[in-house]
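A quick write-up on the structure given underneath.
All values below were derived from every heavy atom in this structure, side-chain atoms included, with hydrogens, water molecules and symmetry-related copies excluded. Chain A is the first sequence line, chain B the second, and so forth, proteins listed ahead of strands; every chain is numbered from 1.
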Amino acid sequence: MAEQNTTGAGGTAASGYDPQKVEAKWQKRWAEARVFETEADPSKPKYYVLEMLPYPSGTLHMGHMRNYAIGDVVARVKRMRGFNVLHPMGWDAFGLPAENAAIKNKTHPRTWTNNNIAEFQRVLHRFGFSYDWRREISTCEPEYYRWNQWFFLRMLERGLAHRKKSLVNWCPKCRTVLANEQVINGGFCWRHEETRVESREIEQWFLKTTAYSDQLLDDLKQLEGGWPERVILMQKNWIGKSHGAKVKFAVAGAAGAGPIEIFTTRIDTIYGATAIILAPAHPLVTKLLEGSPMRAEAEPKLAQMRQTSVKTEDLATMEKEGFFTGRYALNPFNDEMLPIWVGNFVLMEYGTGAIMAVPAHDQRDLEFCRRYKLPVRVVVQPIDGEELVAEKIETAFDEPVQGKLVNSGPFNGLSPEEAIAKMTAFAEQKGFGCGETVYRLRDWGISRQRYWGTPIPVVYCTKDGMVPVPDKDLPVLLPPNPKLTGEGESPLAATPEFVNTKCPKCGGPARRETDTMDTFVDSSWYFYRYCDPHNDQAPYDSAKVSYWFPIDQYIGGITHAILHLLYSRFWCKVMRDLKLVQHDEPIQRLFTQGMVLKGGVAMSKSKGNVVGAIEMAEKYGADTGRLYTLFAAPPEKDLEWSEESIEGSWRFLNRVYRLIERHAEAVRSVKGGKVEAVSASLKEKTLLRRAHQTLRRVTSDFETRWHFNSAIALIMALANEISDHEPLEQGVRPEVRKEVLELLTLMLAPMTPHLAEELWEMLGHAEGLWKVSWPAFNQELAREEEVEIPVQVNGRVRGRIKVAVGSAESDVVRLALALPAVAQHMNGKRVVKQIYVPDKLLNLVLG
RNA sequence: GCCGGAGUGGCGGAACUGGCAGACGCGCCGGACUCAAAAUCCGGUGGCCGCAAGGCCGUGAAGGUUCAAUUCCUUUCUCCGGCACCA
């Protein structure tokens, strides 16, 4: 790729195509004509297409670009199809990198952020994406984040925002709290993949996502067909609903301790319980140890376990460890005394933090009981297959559908399914248990001990306690000049002019909350703001939102399958309950595009493998860059960036340019008139047929299949076909050339909009292509007259015949049998069966 | 471990509902133009055998269903992604 400047941006003597000039020209015209500006208009069908808003971080690379190129194709196709299209863009502008960069460069996070935004704007403009820029939002502006605060206050009123002391994931490098979702690989920071997350106990603000567990789960049904199945599945798993029962076990002989409540999905196996196991963090553990003979031995183990248990490190492979508390619990079903243990594999965060160990029917319990020599008792025998013997079990029998109960008193003989129902009812009747549904989903911790985020709008008054900031005092502004050192816990706490305030209730001295909000708050509702971006009375006008919503098509990376999309769904449900929207789900269709890789990994600054979008635009032009990212792979797949292959797209656009340049003058002289199939010559018919066949397939690739790569392949093939018929002057009238070349141009328009405008103008149109509708497919012109049918003998192609479309089977067979190659392979044998797929294929099966 | 997804030429990929595997592009080979190069244009390009006509093999592997399988079924291997002591 040395000395490539003659190839790229400079253009070549062989072609007049100068993308730099063409693209600037049309971008200017679009802006002057305000082509992409749009207003709610109930008389027109709407289409809301949105790409996930970017975090403006230094360089806009080809990975971003691909996302926007896909969205822009959709937006432009829908516009050509007559929709009123909303296609906005904005900035996810709060966040840690800005703050870290500010510390490093001794500037303000705002400076860094706004510089990056300016750069992103420049690149997006350079690519000519069809955004309504008047709607641009930046989440770090008070006019935006005041509504974060407003929503927070509404949630506070409804009990959906609350404070609780909790163990949090603390990243020593970020010096802040991470959400569970931000802890990856079993204990590492999502931003610093080599940094192990620690745990600390701090007062934190939470949003009550768990209040909507069932709705978040059930409403996934509304998304089926519109969202990728795997995303729905990932959310389902994340919510992790499971049915079971809670059972209380009375504790024998420990004053003030108990009863212990356990959660199980297999109450049918309760006669097989041989121990009770508590999570190390379980509050009863300390009480149980008081006065226990095992106390001295157990306490150091507990201390050690409590320290390490919260570190999720290597959970899966970690040895199951535990100790006996010296206490016993009573199994309410059979009054059996069960030893109470503490086990490192029992999680305080799930269920009740306590389990019954049924070693015969749970693999984890089995491993634990074998290790500590606890007894194993079989209570479910398989219906068919070998009878289980407790002493010999190596793998727990945990398949509930194929068994029947034994050793279970009055429940013997029942299937596990029946037993679960009857035993749950029995427990409820006796008052020591009940059916229970538990979730894996937890509340969303939004507190961050950082500067560059939305201040949480509450104050603490010595007299009145926690007091919400009144709506009229919003926004709570970030102090303009924080001390950002990267040391200590929160920059806001170190800024007295921010912290010290007056209590809104009593007017006395008060302290402001110094936590700021997780940036996922910003991105949970930003797409509503686009509908009404400058409203200073409310987050948005509901009428506008109800016109544009739900989002018809959302496009972004699979990386946001859980966090962003789950929080957004939650936010929507809260807004619905606040009567701010009417729908249950904000996003009707979701498309997750693949990443752009370089050297097998996603482009990122830290990996140093970024291909800058602006460099591509300067070298080849925006249209070539857009076309290539769409052509190189189907949009949902990852794409390995290849500097070599992009040349193909560049060459193709030059070919098209030269082709149209060559015929522009002849075409321009054509005065109106539709092309009729009847009057066309053979050569003309071929071209018209090919053009309309291409149109049919490209239309479906754009609208339903989203196979942009194969759509482009078809358009390339059409261009090749046209060139193959050169010189068109011989036998192709200008009006036919016009029809064919215009179709070619219009089909390219959604992907290479600048070039298409230029070609459209060259073809003699005074009005911009942006005013033109998607072309109508002409069935008559597309119809084939003759087809070539492969003739198979015993399933192998032995010859081909040309017949008129719709020929009778008997005629086709007669012609086929006359082929010498077919006769030769018949080898005197008889045809025992013939399969004819009309106009497609003939297969002769010999006896 | 569980749940998804994917394996097609040297490479990216195409093949819509079971009907001609390899469209389109990259790369490569050959040719034209040129003093030469770049650009452009033309031709070739899955493997094996063959001078050729042609034949055989071929969509991760092995079976199966079918007149016909990249496509459907069973088994299996590899890679990628998600979740993971969730009781």
Side-chain angles (χ1 to χ4, degrees), chain A residues 3-4 6-7 11-15 186 228-231 233-234 236-238 240-242 244 262-266 269 277 279 312 314-320 343-347 349-358 361-365 367-368 398 438-440 558-559 561-562 628 631-634 636-649 651-652 654-655 658 697 700-701 704-705 707 709-720 723 726 788-797 800 821 824 831-837 840-846:
Chain A
E3 300 166 77
Q4 275 301 335
T6 47
T7 319
T12 63
S15 168
E229 261 176 64
R230 61 173 175 151
V231 175
L233 196 76
M234 280 160 74
K236 219 176 248 177
N237 291 340
W238 191 261
K241 182 176 184 172
S242 91
I262 61 106
F263 174 77
T264 177
T265 55
R266 293 293 308 277
T269 62
I277 310 176
T312 36
D314 303 322
L315 264 186
T317 50
M318 206 162 74
E319 276 285 312
K320 287 174 184 46
N344 65 348
F345 68 102
V346 179
L347 305 173
E349 305 82 50
Y350 186 79
T352 59
I355 63 161
M356 61 177 189
V358 185
H361 305 290
D362 183 289
Q363 189 60 33
R364 294 156 302 180
D365 297 349
E367 286 167 30
F368 189 82
D398 54 8
V438 301
Y439 299 86
R440 211 188 79 107
I558 185 76
T559 36
I562 299 172
Y628 176 65
F631 176 62
E636 71 279 3
K637 271 188 69 171
D638 286 352
L639 183 164
E640 176 66 34
W641 183 258
S642 157
E643 194 73 39
E644 273 179 344
S645 304
I646 194 173
E647 297 274 344
S649 298
R651 288 201 282 255
F652 168 66
N654 274 284
R655 270 200 309 276
R658 281 194 301 270
R697 296 181 57 189
S700 108
D701 276 350
T704 50
R705 302 196 324 151
H707 287 195
N709 56 330
S710 67
I712 295 165
L714 289 165
I715 296 168
M716 287 175 167
L718 174 64
N720 291 346
S723 298
E726 292 275 25
E788 192 184 66
I789 294 184
V791 178
Q792 298 182 336
V793 176
N794 285 334
R796 323 196 62 134
V797 180
R800 295 160 191 285
Q824 190 193 325
V831 175
V832 291
K833 195 169 177 184
Q834 66 192 35
I835 291 101
Y836 180 58
V837 185
K840 278 257 174 78
L841 167 141
L842 174 69
N843 189 8
L844 301 170
V845 185
L846 304 183

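In this entry the distance linking CG of A:D362 with C1' of B:rC2 reads 14 Å, nearest Å. Protein atom CD of A:E647 is 15 Å distant from nucleotide atom C1' of B:rG12, rounded to whole Å. Rounded to whole angstrom, the span from the CZ atom of A:F345 across to the P atom of B:rC86 amounts to 9 Å. Taking atom CG of A:L841 as the reference point, atom P of B:rA15 lies 20 Å away to the nearest angstrom. Note: CG (A:L714) to C1' (B:rA15) measures 11 Å, nearest angstrom. Residue A:R705 contributes atom CZ, which lies 9 Å from atom C1' of B:rA15 at whole-angstrom precision. One atom, NZ of A:K840, and another, C1' of B:rC67, lie 17 Å apart when rounded to the nearest Å. Atom-to-atom, CD of A:E229 to C1' of B:rG82 comes out at 15 Å; the value is rounded to the nearest Å.
Only the C1' atoms considered, B:rG19 is 27 Å distant from B:rG12, to the nearest whole Å. When the C1' atom is compared between B:rU75 and B:rG25, the two are found 37 Å apart, to the nearest whole Å. Spacing between B:rG43 and B:rC73 at atom C1', rounded to whole Å, works out to 45 Å. For B:rU71 and B:rG60, the C1' atoms lie 16 Å apart once the distance is rounded to whole Å. When the C1' atom is compared between B:rG46 and B:rA23, the two are found 15 Å apart, to the nearest whole Å. Spacing between B:rU74 and B:rA21 at atom P, rounded to whole Å, works out to 26 Å. B:rA69 and B:rC20 have their C1' atoms separated by 14 Å, given to the nearest Å. Taking atom C1' on both B:rC41 and B:rC33, the two are 8 Å apart, rounded to the nearest angstrom.
The two residues A:G795 and A:N843 come nearest to each other via the heavy atoms N-OD1, 3.0 Å. Contact detail for A:D365 and A:A357: the closest heavy-atom pair is OD2-CA, 3.4 Å.
B:rA32: Watson-Crick or G-U partner is B:rU40, with both key distances under 3.5 Å. When Watson-Crick and G-U wobble pairs are counted only if both distances are under 3.5 Å, B:rG81 pairs with B:rC3. With both pairing distances under 3.5 Å, B:rC72 is matched to B:rG64 as a Watson-Crick or G-U wobble pair. Pairing of B:rA15, defined by two Watson-Crick or G-U wobble distances under 3.5 Å, is not identified with any nucleotide. Pair assignment for B:rC26 gives B:rG10, based on Watson-Crick or G-U wobble hydrogen-bonding distances that are each under 3.5 Å. Of all nucleotides present, only B:rG55 satisfies the Watson-Crick or G-U wobble test against B:rC48, with each distance under 3.5 Å.
Contact annotation for A:N709: backbone-only contact, meaning every heavy-atom pair under 4.0 Å involves sugar-phosphate atoms and none involves a base. Nucleic acid contact for A:R697: base, since at least one base atom lies under 4.0 Å from a heavy atom of the residue. At a threshold of 4.0 angstrom between heavy atoms, the contacts of A:S642 with the nucleic acid are absent. Within 4.0 Å (heavy atoms only), A:R230 reaches sugar-phosphate atoms of the nucleic acid but no base atom. Among the heavy atoms of the strands lying under 4.0 Å from A:V346 is at least one base atom, whether or not backbone atoms are also near. Among the atoms of the strands shown, only primed sugar atoms or phosphate atoms (P, OP1, OP2) are found under 4.0 Å from some heavy atom of A:R655. The residue A:N794 sits apart from the nucleic acid: no heavy atom pair falls under 4.0 Å.
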Mark up nucleotides 47-58 of chain B, 5' to 3', with B wherever a protein heavy atom is under 4.0 angstrom from a base atom, S wherever such an atom reaches only the sugar-phosphate, and - elsewhere. --------SSS-
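Distance from the side chain of A:S242 is smallest for B:rA87 among the nucleotides B:rC20, B:rC85, B:rA87. Here B:rC86 is the nucleotide among B:rG25, B:rC86, B:rC41 with the atom lying nearest to any side-chain atom of A:L347. Looking at the side chain of A:N843, the nearest of the listed nucleotides B:rA68, B:rC85, B:rC24 is B:rA68. Distance from the side chain of A:F631 is smallest to B:rG25 among B:rC26, B:rG25, B:rG13. The side chain of A:L233 lies closest to B:rC3, out of B:rA23, B:rC3, B:rC83. Residue A:R440 places its side chain closer to B:rC83 than to any other of B:rG82, B:rU40, B:rC83. Distances were taken from every side-chain heavy atom of A:S710 (C-beta onward) to each of B:rA15, B:rC20, B:rC85; the shortest belongs to B:rA15. Of the candidate nucleotides B:rC20, B:rG82, B:rC24, B:rG82 has the atom lying nearest to any side-chain atom of A:I562.
Formation of a donor-acceptor pair under 3.5 Å by the A:S710 side chain with backbone atoms of A:H707 is found in this model.
Taking the nucleotide of RNA chain B with the nearest heavy atom to each of A:I789 and A:K637, the more 5' of the two is matched to A:K637. Judged by closest nucleotide on RNA chain B, A:S700 is the one of A:G351 and A:S700 placed further toward the 5' end.
Proximity of A:V831 to A:L846: side-chain heavy atoms (C-beta onward) are separated by under 4.5 Å at one or more points. Under the 4.5 Å side-chain criterion, counting only non-hydrogen atoms from C-beta, A:Q792 is not in contact with A:I835. Under the 4.5 Å side-chain criterion, counting only non-hydrogen atoms from C-beta, A:I558 is in contact with A:R230. Side chains of A:W641 and A:Y628 form a contact here, defined as non-hydrogen atoms less than 4.5 Å apart.
Note that CZ of A:R800 and CD1 of A:I789 are 11.5 Å apart. Values are rounded to the nearest 0.5 Å.
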